[in-house]
Amino acid sequence: MTDFFNDIPNIAYEGPETDNEFAFRHYDPDEVVMGKRMEDHLRFAVAYWHSFAWEGGDPFGGRTFERPWYPQDSMEMARLKADAAFEMFARLGQPFFCFHDADVRPEGDSFAQSAARLDEITDYFGQKMEATGTRLLWGTANLFSHRRFMAGAATNPDPDVFAYTGATIKSCLDATHRLGGENYVMWGGREGYETLLNTDLARERQQAGRMLQMVVDYKHKIGFTGTLLIEPKPQEPTKHQYDYDVATVYGFLKDFGLEGEVKVNIEQGHAILAGHSFEHELALAAALGIFGSIDINRNDYQSGWDTDQFPVNVPEMALAYYEVLKAGGFTTGGTNFDAKLRRQSLDAEDLILAHVGGMDACARGLKAAAAMLEDGTLERLRAERYAGWDTEDAQALLTRATLEHCDDCVRKGNLDPQPRSGRQERLENLVNRFV
Ligand code: XLS
Ligand code: NI
Ligand code: NI
């Protein structure tokens, strides 16, 4: 037991009119939206690394936070941290959490000691999960913080690091499996390069493909039924990261024949860094059949780095959940708060209220998205725009036509296509009625 969150009550839904800061205004887990409870739509998860392991440092200064579980260098502190984490989960009532190995146990003197420590904390989590009902959305390996990974993990020029990576993923996949995790995530933190001058890009890509194949094989071997997810990001910490965006990851999966085995975990901030909108990445993943889960946060539009702020922008959330709902909603995936406090936000209250605000923003976005879908105007106008393709002749153009046939159609039918309005502003006005 810690007393870190003691002054903070459990957060309940009180509705939009409440004056209580420590309440949900829009997130009511039991409210039914499009036939499903909101909790089951959104499937919120707290990210262990930002909330409990990150100490508030930045490139110009170290730790700003003071937490009872610092310094994070012993198993005793790791257990205290876990106690605090589950005390926060009880306040928020979100169904899931996510973690890396390095978030939850101190590094050992050897691989075997690190792995044993992960086992030990996995047991500790198991008991707490059993007692509280909190579940694991996903586990993952931190293959980027320790200096051994400075030149990459699976893509490292040193085969010993490749082996170390495989062993580390094995331990994390085992832990995730034991805790009934619903997914396993691979974010290629340092799988990229700083300069092409010292990089054999073709070789590194092959190494990454081989590692992924081994992960897929091991997943099946141990009977892990969760979903494997790659999390695209274009850069930071590397200058260029191989899993740049959804399209790049899809090309990579196709290349190694793994597009039926692995899906994507799409992060709002990473989409922005890649020069896309979040909804673009979601829509593309759905179109390619690889949509899995989301890391929700908000990226600063000027900074150029991954700011991982808590989401507050409801119109943006609405467009994102519109794509999620159109994709059929989450199956094993969910909404993971890959978001951290600003380093001046020192207090336990800040940590709780950041999540409360984020959960409310997502809930409002979800409800707006559902209302837009139920209204149906957007989808009807989209369908109208493509209605010309509904005829058999038009379909034949896609299935049987040749260029000569096109030529024939145009000449014989005297075709003279007339442009029609795309109605963008009218559609934007329509969206604004819901958000
Ligand atoms: C970093 C990533 C990371 C992954 C998990 O930018 O978002 O937090 O989600 O390794
Ligand atoms: Ni992430
Ligand atoms: Ni990120």
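All residue numbers refer to positions in the sequence shown, counting from 1. As the structure lists them, so they are numbered: ligands from 1, and atoms in each ligand from 1.
Vertex the Ni ion (ligand 2), arms ending at OD2 of Asp338 and OD2 of Asp295: the angle is 90° after rounding to 10 degrees. When rounded to 10 degrees, the angle formed at the Ni ion (ligand 2) by OE1 (Glu267) and OE2 (Glu231) equals 90°.
Every residue two or more places apart in sequence or in another chain that forms a side-chain contact (heavy atoms from CB on, under 4.5 Å) with Ala285 is listed here: Val246, Val264, Ile266, Ile290, Phe291.
Take the N/O/S atoms of His270: the one nearest the Ni ion (ligand 3) is NE2. If you look at Asp306 and ask which of its N, O or S atoms sits nearest the Ni ion (ligand 3), the answer is OD2.
At a cut-off of 2.8 Å, Asp308 is not counted among the residues with an N, O or S atom near the Ni ion (ligand 2).
Within ligand 1, the atoms closer than 4.0 Å to a non-hydrogen atom of Asp295 are 9 (O), numbered from 1 in the order shown.
For the pair Gln268/Asp295, no side-chain contact is recorded, criterion being any heavy-atom separation below 4.5 Å from C-beta on.
Aromatic rings from Trp54 and Phe65 are positioned such that their centres are separated by under 6.0 Å.
Each of Trp187, Phe52, Phe144 was checked for a ring-ring contact (aromatic ring centres under 6.0 Å, His included) with His100, and the lone residue meeting it is Phe144.
Phe125 and Phe86 have tilted rings, their planes meeting at an angle from 30° to 60° on a 0 to 90° scale.
Taking only nitrogen or oxygen atoms, main chain and side chain alike, Thr140 does not reach within less than 3.5 Å of ligand 1. By the 3.5 Å distance cut-off applied to N or O atoms, His270 is counted among the residues near ligand 1. Residue-to-ligand polar distances place Glu231 within reach of ligand 1: an N/O pair is separated by less than 3.5 Å.
With hydrogens left out, the protein atom closest to atom 10 (O) of ligand 1 is His100 NE2, 2.7 Å, a heavy atom. Regarding atom 8 (O) of ligand 1, its nearest protein heavy-atom neighbour is Asp338 OD2, 2.9 Å.
Within a 6.0 Å sphere centred on NZ of Lys36, heavy atoms belonging to other residues, nucleotides or ligands number more than 12.
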